[in-house]
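Hydrogens, waters and symmetry mates are skipped; everything else that's a heavy atom, side chains included, is used.
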Amino acid sequence: MNNATPHAGPDELLATLDARLLDAVEDTLSNDEGSTDAEMARYLIDLGLSEAQAKRAICYRALYTLNLWVHEFTPIRSSIALRYNGTTGQFEST
């Protein structure tokens with residue numbers, strides 16, 4: 001599956017998920033480096049996402065695996081994304 005590219009706003013398919021479900025999705029995207037895309041999609045569907053939502057979430061996998069995000073300022077939730085820059089020790093707008 002393709003990785004998501006930067007976008008100009010909240011993801012219309014995922015940002016409207018219940019807050020607890022979206023937290024679980026973003027936690028999975030950030031922390032599950034061992035599962036294949038198919039395994040992760042199945043897990044997300046088991047959590048309650050539709051197949052289309054699960055596939056879309058997988059597109060964000062690299063962004064969440066490679067960066068630390070401030071809670072409300074993530075690629076899925078906001079048009080303003082803040083990520084932690086380990087070199088400078090600061091959060092930066094992306």
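- Contact record, D11 with Y60: OD2-OH, 2.6 Å, taken as the closest heavy-atom pair.
- A heavy-atom distance below 4.5 Å is not found between the side chains of Y43 and S35.
- In this structure, R77 contributes its side chain and T16 its backbone to no donor-acceptor pair below 3.5 Å.
- Judged by distance alone, with hydrogens and angles left aside, the side-chain atoms of N31 form a donor-acceptor pair with the main-chain N or O of D27 at under 3.5 Å.
- A heavy-atom distance below 4.5 Å is found between the side chains of L21 and L49.
- When all heavy atoms of L47 and A24 are compared, the closest pair comes out as CD1-CB, 4.1 Å.
- Contact between L13 and Q53 at its shortest, heavy atoms only, is O-NE2, 3.3 Å.
- Counting only heavy atoms from C-beta outward, the side chains of T74 and Y64 approach each other to under 4.5 Å.
- Side-chain contact between I76 and L29 is present, with heavy atoms from C-beta onward closer than 4.5 Å.
- Looking at F91 and N85, their side chains never come closer than 4.5 Å, going by heavy atoms from C-beta outward.
- For the residue pair A41 and I58, the shortest heavy atom distance occurs at N-CD1, 3.8 Å.
- Using a 4.0 Å cut-off between charged side-chain N and carboxylate O, E12 and R56 make a salt bridge.
- For E39 (side chain) and T36 (main-chain N/O), a donor-acceptor pair under 3.5 Å exists by modelled atom type.
- Across R61 and G34, no two heavy atoms sit closer than the pair NH2-N, 4.4 Å.
- Considering all non-hydrogen atoms of both residues, S50 and I45 come closest at O-CG1, 4.1 Å.
- Both F73 and Y84 belong to a common hydrophobic cluster when Ile, Leu, Val, Met, Phe, Trp and Tyr are linked at side-chain heavy-atom distances under 4.5 angstrom.
- Atom CE of M40 and atom CD of E33 lie 9.0 Å apart (nearest 0.5 Å).
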